[in-house]
Amino acid sequence: MQTPIGSSPPPVAVDLETHLIAPGLLAPPPVCGSMCNNAGPLLTTPADVADLVRQSELVIGANIAFDMGVLVAHGLLSLEEAFRAYDEGRIHDILLGQALDAIAKGHLFKDPRDGGNLRDPATGKQVGRYSLAVCSDLALGLATAKENDLYRTRYALLEGKPHHEWPELARQYPRDDARNTYDVALVQYGGSFDVTGLHPEAYDNLHDMPRQARAAWALHLASMWGYRTDPKRVEALAARIEREHDAALASFVPVGFIRPDGTEDTSAVKKAAAKAYGAGGTCKVCNGRGKVPSPKTGNPVACKEGCDGTGLDLSTAPSLPRTEKGAVSASRDTLMESGDEVLERYAMVSENDKLRATYVPFLRQGLKWPVNPRPNTLVESGRTSYSDPTQTMPRGNGVRECIVPRPGSVFCSIDYSAVELCTLAQACIHLVGKSRMAELINETGDPGSLHTAFAASMVGVPLRELKARVKAKDPAAVGYRQAAKAANFGFPGGMGASTLVLAKRKRIEGVTKSPDGEVEYAGIRFCLLIGGATRCGDEKVTEWKGKAIPPACKRCLECAEDLRSQWFLQWPEMKEYFDFVAYRVDTYGFITQIASNRVRGGVTFTSAANGYFQSLAADGAKGALYAVTRECYLDKKSPMYGARPIFFNHDEIFSEMPLSIASDAAKRMAEVMVREMRVVVPDVTVAAEPALMWRWSKDAATVYDLGGKLVPDPKTL
DNA sequence: ACTCCAGGCGCC
DNA sequence: AAACGGCGCCTGGAGT
């Protein structure tokens, strides 16, 4: 893996200047390269940069996956050579280095000097991620890293001209970038690039760099491929949403919730909500006007102290749900539970508005060019994120269905089955030495059996019997299993009973029916599922265990408390797990992630309780993404050679592949995903199921033809 | 016109 | 003792 000292060029920072990134073009043509090693910076050619990537013992860059993508796309570096550099752990991305260290210290995406948000040192503006400029500022105290950037966006103009004819500024900028990148990396390494081991003063978590760099490369390749949207579907969706929007205007402009200009009058909505929860009288602070002069500007602003702009005496409505900071809640749940018919109808508007504002514009980007989503390789939990809605596409309303494969290809989605239950079980084995969950998953090969098993315990029948009753759609058995599932997914993160009740009733899809079938309630209602109640919410309380809560069904709360006690009996490891987490958090304040040994600082009880299994799943899935991508791009003998991952969704790899190879490719991809997850989850069975589809859909199922060939789910046509 | 924050909500 | 988490986008309101 490591090249002997002396036989390869020393660590070097590299950078490319390219034509501009454009829609559908994430790897524009390179114009020049720059490099910096211990001898200083040099302006050079893209081909020279490729040579350095081939040979250097350590190749340093800022968002270097971009440069690698450019070199590969323009034939200067082969895919084999690019992957080899990652395989050998020779790629160091200073942006990831900065993030890894910040995660250890608990200040990711914060400026450790003042605790505030990250800012670009040149503009002073807040930024959401690390950049060369930000890293230069943080690591070097250099606030002027990008001062010679006149040509930053103009290198296309210099294409074909010899370097000596370039203006001095155009020659200076790439050298500055390479030098700053090199200097930042040197600080990250603790002052010397030691190939025999990390320097004692090196940044924290640097050992995780090779894995994160590989993930970044795979994510970047996926984004380069991109995805398209279907014009007919997008416009049909947009038209439907516009119609609903117009209908909302017609309904709610007259009542004042929406102004004639289309914006929402949030104070009017809050006022109606407050009234619905029983508020009356007049706010003593603003005398009912809802506005007070701003102490700073004198402008009329919402009366925050008294009534949050409602003009009402809120002390007359103790049950009125409030936000974290004490404002009047206007959330969908608040409106839905208000008992006011107009507010209940208005609650539905927010869903349509979100589609209209966020998802339709995003889908429209894919009409003309492929969407190249913008991944962020590493966040605090070890997961990924995207600077766009890629990971938050709604499952309903026909949104995902707008995304379609290129002609001749199909989509393939493979996700792990309940992987966080598997990683939780693994975490318990690792941290407290035992896991009943692991035993059951391994016996049955199915994490879903945890729900059935817990339900069976509650009902007091053998697992097999409850399974049969669920299969026969016995409503009581199904209800117990639903409650068990909610418990298994909610409680491991440290959730309390009241939060579970409130969270589960908020769900927009799915209803719970009263036993007589006459009333439908939104979401899950524990009193009906396991409490023997005939109606939910006959008695409501606004306080639970000494804590104020929005009005909630008392019986539901009692049932959830009972569920939680039984859950601890069902999984004896969980008490010890929580004890361990509390000890870690109280004693050390940081946790060390299992398998990766990545340190995460600044944790709370709940973030740590979640963090162990969430991070383990993330690390395993990222490893799988790299292995899958490698085989798709590189391994000509693999059944999935030629398939293309498009995006990554925590526990899911979504790819596009020619129909002709899809069956074998998908099966192979699922195998590799399981194999790679098992690297970090060695003691628990893991499963991943492929589904092929003609367009993206949450509903797509695994479908085989009579010959055992995996075929696209016909539902998705 | 721009910036920032809180609230809300989409996903896993 | 008790405690779900982590993401990013959009809006409105308020300040500069």
Side-chain angles (χ1 to χ4, degrees), chain A residues 108-109 116-117 123-126 128-129 259 262-267 269-270 291 294-302 304 308-309 322-335 347 350-351 353-359 361-362 374-376 378-397 399-400 415-416 418-420 486-487 489-500 502-504 506-508 545-547 564 578 581-582 585-586 600 603-615 617-618 621 648-652 698:
Chain A
L108 185 68
F109 301 133
N117 293 321
T123 63
K125 287 213 297 194
Q126 285 193 36
R129 31 170 107 188
R259 300 189 189 91
T263 60
E264 184 186 46
D265 185 343
T266 49
S267 289
V269 178
K270 287 178 178 180
K291 297 271 186 187
S294 159
K296 290 199 172 181
T297 63
N299 296 334
V301 296
K304 284 268 185 280
D308 196 21
R322 302 303 190 98
T323 68
E324 188 125 334
K325 310 243 168 192
V328 174
S329 163
S331 69
R332 185 163 55 215
D333 182 61
T334 300
L335 304 187
S350 70
E351 188 188 8
D353 278 0
K354 192 157 177 84
L355 295 173
R356 185 168 179 268
T358 305
Y359 297 107
F362 182 68
R374 213 174 145 220
N376 182 357
L378 180 61
V379 294
E380 198 176 349
S381 54
R383 281 181 164 192
T384 61
S385 69
Y386 281 84
S387 306
D388 52 58
T390 293
Q391 283 177 334
T392 62
M393 295 295 278
R395 289 170 293 189
N397 293 98
V399 178
R400 293 186 175 191
D415 64 335
Y416 294 105
V419 69
E420 289 196 347
F489 281 123
F491 292 141
M495 191 183 253
S498 62
T499 312
L500 185 71
L502 293 168
K504 288 297 163 185
K506 277 182 195 160
R507 296 188 63 87
I508 196 162
K545 292 166 98 176
K547 206 181 81 182
R564 192 158 187 268
F578 285 151
V581 170
V585 172
D586 291 345
R600 175 176 173 186
V603 288
T604 62
F605 174 81
T606 48
S607 69
N610 278 284
Y612 277 114
F613 59 82
Q614 193 178 81
S615 155
F648 177 68
N649 220 344
H650 307 303
D651 66 344
E652 171 189 20
K698 185 69 187 170

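Keep in mind that this is a model prediction, so the values were computed, not measured. Each chain gets a letter, A, B and so on, in the order the sequences are listed, and its residues count up from 1.
- Within the 4.0 Å cut-off from OP1 or OP2 of C/dG5, at least one side-chain nitrogen or oxygen of A/T606 is found.
- C/dA2 atom P lies 14 Å from atom CZ of A/F491, rounded to whole Å.
- The base of C/dC10 does not come close enough to the side chain of A/K354 for any donor and acceptor atom to sit less than 3.5 Å apart.
- Distance, A/D353 CG to B/dG7 C1': 15 Å, rounded to whole Å.
- Within 4.0 Å (heavy atoms only), A/T390 reaches no atom of the nucleic acid at all.
- Between A/N117 and the phosphate of B/dC5, there is a side-chain N or O to OP1/OP2 separation shorter than 4.0 Å.
- Inter-residue side-chain proximity for A/Q391 and A/R383 is flagged as unmet; no heavy-atom pair is nearer than 4.5 Å.
- Within 4.0 Å of A/K125, counting heavy atoms only, lie sugar-phosphate atoms of the nucleic acid but no base atom.
- Note on A/E652 versus A/K698: no salt bridge recorded, every NZ/NE/NH1/NH2 to OD/OE distance being 4.0 Å or above.
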(message) Quick one, A/S607 with A/R600, criterion side chain to side chain contact (heavy atoms under 4.5 Å, CB included). Give me CA distance, side-chain angles, the key distance, then yes/no.
(response) CA-CA 10 Å; A/S607 69; A/R600 175 176 173 186; 3.8 Å; yes
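- When heavy atoms are screened at a 4.0 angstrom cut-off, A/A357 is found touching the sugar-phosphate backbone but no base atom.
- For the pair A/E324 CD and B/dG8 P, the interatomic distance rounds to 11 Å; values are reported in whole Å.
- At least one donor-acceptor pair closer than 3.5 Å links the side chain of A/Y359 to the backbone N or O of A/T392.
- Backbone-only contact: A/D388 has heavy atoms under 4.0 Å from sugar-phosphate atoms and none from a base.
- Listed pair A/R600 / C/dG6 meets the phosphate criterion, a side-chain N or O lying under 4.0 Å from OP1 or OP2.
- Side-chain to base pairing of A/Q614 with C/dG5: one donor and one acceptor N or O lie within less than 3.5 Å of each other.
- Residue contacts shown for A/N376 are limited to sugar-phosphate atoms, with no base heavy atom under 4.0 Å away.
- Note on A/A617: nothing from the nucleic acid sits closer than 4.0 angstrom, heavy atoms only.
- Side-chain rings of A/F648 and A/Y386 stay apart, their centers remaining 6.0 Å or farther from each other.
- Using a 4.0 Å heavy-atom criterion, one finds that A/A608 contacts no nucleic acid atom at all.
- Put simply, the side chain of A/N397 never gets that close to the backbone of A/V399: no donor and acceptor are under 3.5 Å apart.
- Counting any heavy atom pair closer than 4.0 Å across all strands shown, A/T604 reaches no nucleic acid atom.
- For A/D353, the salt bridge (charged side-chain N to carboxylate O under 4.0 Å, His left out) criterion is met by no residue, not counting sequence neighbours.
- When rounded to the nearest whole Å, the span between NZ of A/K506 and C1' of B/dG7 equals 12 Å.
- For the helix from B/dA1-C/dT16 to B/dC12-C/dG5, the terminal axes (five pairs an end, C1' atoms, rotation from four pairs onto the next four) enclose an angle of 10°, given to 10 degrees.
- Side-chain atoms of A/R383 and base atoms of B/dC12 include a donor and an acceptor less than 3.5 Å apart.
- Residues that satisfy the ring pair (Phe, Tyr, Trp, His ring centres under 6.0 Å) test with A/F362, not counting sequence neighbours, are absent from this structure.
- The distance from atom NZ of A/K270 to atom C1' of C/dG13 is 9 Å, rounded to the nearest whole Å.
- In terms of phosphate contacts, A/R332 brings no side-chain nitrogen or oxygen within less than 4.0 Å of OP1 or OP2 of B/dG8.
- In this structure, A/D265 CG and A/R259 CZ are separated by 4.5 Å, a value rounded to the nearest 0.5 Å.
- Residues A/G262 and A/V301 each lie close to DNA chain C; by heavy-atom proximity, the contact nearer the 5' end of the strand is made by A/G262.
- Atoms CG (A/D265) and P (B/dG7) sit 17 Å apart, rounded to a whole Å.
- Taking 4.0 angstrom as the limit, A/T297 places a side-chain polar atom (N or O) nearer than this to OP1 or OP2 of C/dG15.
- Residue contacts shown for A/Q126 are limited to sugar-phosphate atoms, with no base heavy atom under 4.0 Å away.
- The CG atom of A/N610 sits 19 Å away from the P atom of B/dC11 (whole-angstrom rounding).
- For A/S607, no side-chain nitrogen or oxygen approaches OP1 or OP2 of C/dG5 to under 4.0 Å.
- Using a 4.0 Å heavy-atom distance criterion, A/P389 is classed as making no nucleic acid contact.
- In this structure, A/R374 reaches neither bases nor backbone, as no heavy-atom distance under 4.0 Å exists between it and the strands shown.
- For A/K325 and B/dA6, the shortest distance from a side-chain N or O to OP1 or OP2 is below 4.0 Å.
- Across all strands shown, A/Y359 has heavy atoms under 4.0 Å from sugar-phosphate atoms exclusively, and none from any base.
- In this structure, A/R259 places its CZ atom 14 Å from P of C/dT11, rounding to the nearest Å.
- The phosphate of B/dG8 has neither OP1 nor OP2 within less than 4.0 Å of any side-chain N or O from A/S350.
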